[in-house]
Structures are given as C-alpha cells and as structure tokens.
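Once you've had a glance at the structure underneath, I'll fire off some questions.
Below, each value reflects all heavy atoms present in this structure, side chains not excepted, and no hydrogens, waters or symmetry copies.
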Amino acid sequence: MAMHRGTPTHNLWTGLRQILSHGVITVLAVVIAFSLPGIANFILNEWWPHVEGNANLLLATEIGLASVLALLFNLAKIAWDHRQGVLIARLASLMHARSAGAGWWSRRRERALVRQLPAARDAFILTLTGYDTFVADDSLLRGVIEKAYEIRVMLVNPAGRALRERADSLPPEITALSLHNEIEATIGYLSGLRKFGKSVKLKFYDDEPFWKLIVLGDYVWVQHCHSGFAVREQPEFVFALQHRELRHGLFVPFYMVFLNQWNDARHPEYDFDMSELVYRDPSGKETGRAVLGVPIDGGTTPLASSPEPGATAESLAALLRRPAPEPTAAL
C-alpha cells in the first residue's frame with residue numbers, strides 16, 4: 001500500500017466515507033434551502049402575530065433566541081480554538097497522541113494508524129531495555145518492526161551506572177536484575193531476527209535514558225523516560241515527516257537525536273556471534289572488546305560496562321557476576 005510521507009493513507013473505506021459525508025452534507029443543504037420559504041412564511045404570518053400580542057410568549061421567544069445565539073457563539077469559539085489546535089498540531093506534524101491512562105478507544109486509533117503504515121525498510125529504536133517493544137505480548141509495533149530489513153537498536157548498558165540509577169528511581173518491584181532480564185530477552189529476540197535474514201545491529205549507551213524513540217519509515221513514536229516512572233506510564237506521541245517542508249514538524253529533530261546517539265563512538269556495538277561489546281574510535285577502527293554478560297541460551301555470563309584504562313576483560317566481566325549457589329548439606 002503506497003503512502004506519501006506525512007500524508008494519511010487512502011484506502012477504499014476512506015474514499016467511501018468521504019463520498020458518504022459529502023452526500024449527507026449536500027442532502028442537508030438541499031433540504032434546508034427548500035425549507036427556508038416555508039419556515040419564513042410560518043414565522044412571519046403565523047408565529048409573529050401570536051407573539052406580538054402575548055407578552056409572555058414574546059419574553060419566552062426572546063430568551064430562547066438569546067440562548068440559541070449564546071450556544072452558537074460558544075460553538076463557534078470552541079471550533080475556532082480547536083482549529084488553532086489543529087494548526088499547531090499540523091505545524092508540529094503530530095499525527096497521534098495517547099496518555100498513559102488512555103482507554104480502548106485511543107488504543108484502537110493507534111492500531112488503525114499502525115495498520116495503515118507501509119512496510120518500512122528501516123527501523124531505528126532507542127529505548128531502555130526494549131522489552132515492551134520487542135518481547136511484551138501487547139507490543140503494538142513488533143509486527144511492523146519484524147517486516148523491516150535493517151533494524152538498529154540502542155539499549156542502556158546493563159552494567160552501567162545509568163541503569164542502576166534508573167532501577168533505584170522505580171518502584172521496589174523493579175530492580176536492576178529485572179531490567180537485566182528484560183535486556184536478555186530483547187537480545188534473544190534480536191538474535192532470532194538475525195536467523196531470519198534481518199540485518200540487526202545493537203549498541204549500548206551509558207547515559208541515563210531521556211527519550212524512547214521508535215522510527216519506522218516516516219513516523220517516529222516518542223515517549224519521555226521520566227525518572228521515577230516506567231516508560232509505559234508516559235504519554236506517547238507520533239510525529240510524521242513532512243516532505244513538502246522538512247523544517248516543519250518534530251520528526252527530523254527526534255530522528256537526529258537517534259542518529260547522533262548511534263554515531264557516537266563512545267557507544268559500543270554488540271557482536272551477536274561472539275557475545276562481546278566492540279569498541280571503536282571515531283574513524284570506525286576497532287580499539288577493543290569486552291564480554292557482555294547477557295545470557296542468550298540460558299547460560300550465565302558476566303556483564304561488562306565501558307572499559308576503563310588499564311581494566312582487563314576479566315575484571316570487567318566480573319562486575320555483575322552472579323554468585324554461584326551455595327552447596328547444601330545432604331540430608
């Protein structure tokens with residue numbers, strides 16, 4: 001299904017709906033036009049003579065007319081305010097917005113938007129652990145991401161300070177270990193995509209997460225990673241790329257946020273085959289490797305953070321080594 005960037009998809013149902021709406025408006029206009037002479041004749045020749053000689057009826061007519069005019073003026077003001085909101089949303093290229101407590105209807109609108117998306121060649125994801133996007137059963141965009149050929153993902157470093165600070169700010173049931181498990185599940189999912197021929201690249205960042213970004217073709221899903229709140233509890237916004245005026249809208253700024261993070265040489269890339277972090281200099285030359293302790297096949301391997309000068313791979317690998325279970329005495 002073809003779709004121009006920044007414009008809604010037109011399908012058969014959309015065309016029929018527009019035809020029906022125009023038909024209804026035309027019929028109403030014709031009915032009103034043919035009814036005006038009869039209405040005017042009734043008011044002037046029948047209604048007004050009764051009102052003119054009845055003070056109570058005249059007062060009721062004036063009150064009714066004033067109420068109708070007040071209602072019409074209020075509706076006009078509301079329509080004008082909404083029009084301003086529509087113009088602002090159009091300038092920002094805001095296609096959809098959903099609050100954290102949104103109900104079924106809002107999710108239905110978002111699902112309708114997702115169904116209208118064409119198959120995107122590239123999918124770029126900047127998130128915390130990736131669990132809600134790739135693994136969770138209620139993930140809305142997983143099916144669209146699976147259709148992309150090139151998938152670039154950035155997750156928080158499981159051994160970094162930012163993840164521990166993030167875990168400390170969340171409710172007690174969310175711990176660093178639970179976030180580690182989510183990252184493990186995400187890496188396992190991405191490894192499965194590679195087996196289906198997808199071009200999957202994964203990098204880790206050490207800074208405290210600020211945005212969750214999902215770029216699919218000409219649309220970007222945005223959520224703020226507010227400290228103390230889970231990402232799924234944050235409002236969600238969808239911005240589209242405007243082809244006719246690239247300077248308008250927030251798609252390009254958020255897209256550049258991802259590109260700047262991705263091209264930052266400080267962020268290591270994950271080697272799926274060796275389960276290692278690959279560090280490179282700004283020119284792209286490999287400068288070192290470190291073991292990432294996220295088990296993919298059920299085994300436990302140590303987690304590694306960014307290498308410091310003089311640190312060996314063994315010391316980095318022991319940062320978050322899980323203690324072995326203590327032997328129990330035979331009964």
Side-chain angles (χ1 to χ4, degrees), residues 100 125-139 142 145 153-194 200-214 223-234 261 266-279 289-308 311-328:
I125 299 94
L126 171 64
T127 183
L128 184 64
T129 65
Y131 185 87
D132 292 337
T133 303
F134 297 107
V135 184
D137 295 334
D138 59 349
S139 175
R142 182 173 56 190
I145 295 174
V153 182
M154 294 195 70
L155 305 178
V156 65
N157 191 336
R161 176 181 53 85
L163 184 135
R164 293 190 293 270
E165 292 180 352
R166 176 72 178 177
D168 292 339
S169 69
L170 295 175
E173 61 270 15
I174 302 178
T175 63
L177 180 59
S178 65
L179 296 180
H180 293 165
N181 294 334
E182 292 184 359
I183 294 177
E184 294 172 6
T186 298
I187 296 179
Y189 173 85
L190 295 177
S191 299
L193 290 181
R194 295 180 73 248
V200 181
K201 295 182 179 180
L202 173 62
K203 288 187 176 183
F204 291 94
Y205 61 90
D206 292 319
D207 301 327
E208 186 173 355
F210 194 77
W211 295 110
K212 175 184 177 180
L213 305 176
I214 301 177
Q223 285 180 289
H224 176 222
C225 299
H226 197 288
S227 179
F229 296 91
V231 179
R232 61 168 53 217
E233 298 177 358
Q234 294 297 107
Q261 289 287 336
R266 297 176 302 167
H267 304 322
E269 184 175 350
Y270 181 69
D271 187 339
F272 286 91
D273 298 324
M274 304 299 295
S275 297
E276 294 178 341
L277 294 178
V278 180
Y279 293 88
R289 287 176 175 258
V291 176
L292 177 68
V294 179
I296 303 303
D297 54 359
T300 57
T301 53
L303 294 163
S305 62
S306 302
E308 298 178 357
T312 64
E314 289 76 8
S315 61
L316 291 169
L319 283 176
L320 291 177
R321 187 184 300 275
R322 299 178 182 175
E326 297 180 0
T328 57

Interatomic distance, E208 atom CD to E165 atom CD [nearest 0.5 angstrom]: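 The distance works out to 5.5 Å.
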Note, N157 side chain near L163 side chain (heavy atom, < 4.5 Å):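 A side-chain contact is absent here, since even the closest heavy-atom pair is not under 4.5 Å.
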Contacts of R194 that satisfy side-chain contact (heavy atoms from CB on, under 4.5 Å) - sequence neighbours left out: V200, F272, D273
Test side-chain contact (heavy atoms from CB on, under 4.5 Å) applied to V135 and T186, step by step: CA-CA 6 Å; V135 184; T186 298; 4.2 Å; yes
Side chain proximity check, Q261 to L213, heavy atoms < 4.5 angstrom: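 No, side chains not in contact.
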ring-ring contact (aromatic ring centres under 6.0 Å, His included) between F210 and H224, intermediate numbers included: CA-CA 6 Å; F210 194 77; H224 176 222; 4.8 Å; yes
Closest non-hydrogen atom pair between D137 and R142, with its separation: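 Taking D137 first and R142 second, the nearest heavy atoms are O-NH2, 4.0 Å.
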Point-to-point distance, once rounded to the nearest 0.5 Å, from CZ of R232 to CG of D138: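 The CG atom of D138 is 5.0 Å from CZ of R232, to the nearest 0.5 Å.
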Closest non-hydrogen atom pair between F134 and S139, with its separation: N-OG, 4.4 Å
Main-chain N/O of A159 paired to R164 side chain as donor or acceptor, under 3.5 Å: yes
Side chain to side chain contact (heavy atoms under 4.5 Å, CB included), paired with P209, selected from T129, L126, L128: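 Exactly one option meets the side chain to side chain contact (heavy atoms under 4.5 Å, CB included) with P209, and it is L128.
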Side-chain donor/acceptor of Q234 to backbone N/O of Q223, under 3.5 Å: no
Check: I174 and L179 side chains under 4.5 Å, non-hydrogen atoms: yes
Other residues, nucleotides, ligands: >12 heavy atoms within 6.0 Å of Y205 OH: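 Yes, OH of Y205 has more than 12 neighbouring heavy atoms, counting only those of other groups under 6.0 Å.
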Contact summary for L170 and A230, nearest pair of heavy atoms: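 Scanning both residues, the minimum pair turns out to be CD2-N, 3.8 Å.
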Considering all heavy atoms, the nearest H180-P158 contact: NE2-O, 2.7 Å
Salt bridge (charged side-chain N to carboxylate O under 4.0 Å, His left out) between R289 and D271, worked out: CA-CA 9 Å; R289 287 176 175 258; D271 187 339; 3.0 Å; yes
I187, L155, V278, V153 screened by side chain to side chain contact (heavy atoms under 4.5 Å, CB included) with Y270, the one that passes: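 With Y270 as partner, I187, L155, V278, V153 yield a single side chain to side chain contact (heavy atoms under 4.5 Å, CB included), made by I187.
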Those residues that, when tested against E269, pass side-chain contact (heavy atoms from CB on, under 4.5 Å) (two or more places apart): K201, K203, R280
Sidechain-backbone polar pair: T133 side chain, G130 backbone, donor-acceptor under 3.5 Å: no
